[in-house]
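The structure follows.
What you see is a predicted model; the values in this text were computed from it and never measured. Letters A, B, ... mirror the listed sequences (proteins, then strands); counts begin at 1.
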Protein chains: 4
Amino acid sequence: MFPIDVRDIRPIYEQIIDNIKEQVIKGILKPGDQVPSVRQLASMLTVNANTVTKAYQQLERQKIIETIRGRGTFIAHVTTKQVNEDELEDIRKTLKSSCMQLYYMGFSKEDVVKEISKIYEELIREES
Amino acid sequence: MFPIDVRDIRPIYEQIIDNIKEQVIKGILKPGDQVPSVRQLASMLTVNANTVTKAYQQLERQKIIETIRGRGTFIAHVTTKQVNEDELEDIRKTLKSSCMQLYYMGFSKEDVVKEISKIYEELIREES
Amino acid sequence: MFPIDVRDIRPIYEQIIDNIKEQVIKGILKPGDQVPSVRQLASMLTVNANTVTKAYQQLERQKIIETIRGRGTFIAHVTTKQVNEDELEDIRKTLKSSCMQLYYMGFSKEDVVKEISKIYEELIREES
Amino acid sequence: MFPIDVRDIRPIYEQIIDNIKEQVIKGILKPGDQVPSVRQLASMLTVNANTVTKAYQQLERQKIIETIRGRGTFIAHVTTKQVNEDELEDIRKTLKSSCMQLYYMGFSKEDVVKEISKIYEELIREES
DNA sequence: GTGGTCTAGACCACG
DNA sequence: GTGGTCTAGACCACG
């Protein structure tokens with residue numbers, strides 16, 4: 001599967017969320033694909049099952065996966081998510097914090113744009 | 001001073017850090033300017049003095065402010081911070097998470113670039 | 001564990017820092033070893049948990065220990081720390097103060113060298 | 001006179017103590033020499049008079065200066081100070097902390113000895 | 001159970 | 001008056 005880094009700043013459940021999202025965006029996981037059960041993934045990543053549960057709950061709330069009782073958990077069929085203003089505001093705060101840190105490291109606006117463009121491109125690079 | 005938002009995802013001390021950084025970047029606070037004492041700022045924001053202390057300690061470690069014994073706390077004289085690879089890697093992870101969230105909201109690469117450009121520009125608007 | 005001396009000139013959190021550093025240097029604590037949890041150490045030393053937290057935070061900043069979310073705190077895997085000129089200058093000032101005190105007690109250069117050699121040797125005695 | 005560095009880790013009163021001790025050790029100030037009055041030194045260094053008072057009190061307790069009522073303050077006539085075991089123990093703790101810091105910066109015993117020798121020599125270099 | 005955040009409040013060192 | 005240290009204790013996030 002994918003690696004969990006216990007030293008990562010992000011909590012483990014967020015790493016799981018980010019990894020699955022990334023695989024969906026990159027097309028590695030496609031709508032209808034089954035994802036491992038909570039217990040399977042927990043043992044694959046050697047993390048606590050509660051941690052995977054938390055990640056799956058959030059992914060489900062975000063309509064990225066869906067659980068069908070008795071059958072398992074699957075990648076949802078894409079429904080472009082509508083813009084949530086509160087969430088967007090939180091993202092902006094995060095971006096602003098990152099910008100300030102980069103500013104202090106001497107990054108110009110162009111440097112920042114270059115950085116984020118590269119990140120976005122790597123994400124949606126067709127069939128990675 | 002500036003508002004503390006208890007509903008903000010960021011802890012209070014981080015909001016304080018971000019706000020002061022922002023004022024320095026925008027040139028509202030200049031090198032040598034005195035910032036409110038721990039107790040003053042605490043009562044202005046109606047937060048506990050320890051919370052302000054924590055924010056100030058981190059700002060001091062980042063060389064953004066400096067404390068002069070018995071006199072108070074001041075904006076540091078700029079010393080361009082050198083790039084820390086570990087820190088940069090953490091920022092990249094944060095940017096990637098934000099990109100994925102924005103992608104799910106339907107933001108194209110151009111939209112994301114526009115968004116971050118606006119944020120960066122607002123930050124340095126008044127020739128810092 | 002180790003004793004806290006309330007009469008010591010150093011604050012408690014510094015005594016904790018120094019004690020753990022010493023155990024690491026002496027090889028009593030090895031990379032990967034778990035150190036007591038904040039609460040455990042606090043009750044062992046009968047000090048407040050916040051005091052231990054402060055010591056651990058500084059040790060973490062110095063890359064001597066690392067915290068793994070929900071699992072505990074561990075001795076870091078050694079990464080030789082690079083020389084920080086500012087820090088070195090501070091150490092030199094401290095050494096100079098000590099030298100002057102010793103000079104007044106009648107210590108010759110050879111006495112001082114003998115003293116510090118003994119201290120250093122006791123530190124690394126058991127092949128760390 | 002001598003410079004006070006408000007950014008120095010040492011409190012101002014300690015800087016004053018250290019500076020006067022240093023001048024005595026180096027022979028710049030000799031037994032019987034008059035030192036500035038508290039108010040004079042305070043205005044020379046632009047520090048608070050209480051700070052100078054504190055420094056002078058400690059220097060007097062250490063028999064390095066002596067105050068003659070109505071006449072002023074003078075460098076004391078040398079009387080080799082006897083070794084105070086408690087004080088020596090404190091110095092050892094300080095030296096140990098410094099050794100540990102230097103050890104973490106990669107200093108060998110020889111490096112540390114070289115460092116402290118240089119500091120001691122610069123101190124007693126005849127007529128600096 | 002683990003550490004992180006925050007409060008209220010005391011006391012101290014420095015100036 | 002300024003920040004630094006420390007306590008007691010609450011509540012939260014993560015696992």
Quiz item: If you find the nucleotide of DNA chain E closest to B:T46 and the one closest to C:E60, which residue's nucleotide is nearer the 5' end?
Solution: C:E60
Quiz item: Starting at CG of B:L41 and ending at C1' of F:dT2, how long is that distance when rounded to a whole Å?
Solution: 14 Å
Exercise. State, yes or no, whether a side-chain contact exists between D:K21 and D:L59 at a heavy-atom distance under 4.5 Å.
Key: yes
Quiz item: Does DNA chain E take part in any stems of at least 3 consecutive Watson-Crick or G-U pairs (both distances under 3.5 Å), and if so, which ones?
Solution: E:1-14 with F:1-14
Quiz item: Any side-chain heavy atom of A:Q62 within less than 4.5 Å of one from B:Y104?
Solution: no
Practice problem: State which residue, out of C:K96, C:R92, C:K93, fulfils the salt bridge (Lys or Arg N to Asp or Glu O under 4.0 Å) condition with D:D8. | Solution: C:K93
Quiz item: Could you state the CG-P distance from B:L45 to E:dA8, rounded to the nearest angstrom?
Solution: 14 Å
Exercise. Check whether any side-chain heavy atom of B:Y13 sits under 4.5 Å from a side-chain heavy atom of B:V47, and report yes or no.
Key: no
Practice problem: Find the distance C:I68:CD1 to E:dG4:C1' and express it as a whole number of Å. | Solution: 17 Å
Quiz prompt | Residue closer to the 5' end of DNA chain E, C:P36 versus B:A49 (nearest nucleotide) | solution = C:P36
Exercise. Please check if atom CZ in B:R61 has more than 12 non-hydrogen atoms from other residues, nucleotides or ligands closer than 6.0 Å.
Key: yes
Practice problem: Treat primed atoms plus P, OP1 and OP2 as sugar-phosphate and everything else as base, then score nucleotides 9-15 of chain F 5' to 3': B for base contact with protein heavy atoms under 4.0 Å, S for sugar-phosphate contact only, - for none. | Solution: B-B--SS
Exercise. Starting at atom CD of B:Q57, determine the distance to atom P of E:dT5, rounded to an integer number of angstrom.
Key: 13 Å
Quiz item: Which whole-number value in Å describes the distance from C:R7 CZ to F:dC6 P?
Solution: 15 Å
Quiz item: What distance separates A:I91 CD1 from A:D86 CG, expressed to the nearest 0.5 Å?
Solution: 11.0 Å
Self-check item: From CD1 (A:I65) to CD (A:Q34), nearest 0.5 Å
Solution: 11.5 Å
Self-check item: Atom-to-atom span, CG of B:L59 to P of F:dG3 - whole angstrom
Solution: 13 Å
Quiz item: Whole Å only: how far is the CD atom of B:Q58 from the C1' atom of E:dC6?
Solution: 14 Å
Exercise. Grab the CD1-C1' distance between B:I16 and E:dC6 for me, whole Å please.
Key: 11 Å
Quiz item: Does C:S37 place a side-chain N or O at less than 4.0 Å from the phosphate oxygens OP1/OP2 of E:dG3?
Solution: yes
Quiz prompt | Spatial distance of atom CG (D:L41) from atom CD1 (D:I16) [nearest 0.5 Å] | solution = 5.5 Å
Exercise. Would you please confirm or rule out a distance under 4.0 Å between OP1 or OP2 of E:dG3 and any side-chain N or O of C:T73?
Key: yes
Quiz item: Taking C-beta and beyond as the side chain, do D:S37 and D:Y56 meet within less than 4.5 Å on heavy atoms?
Solution: no
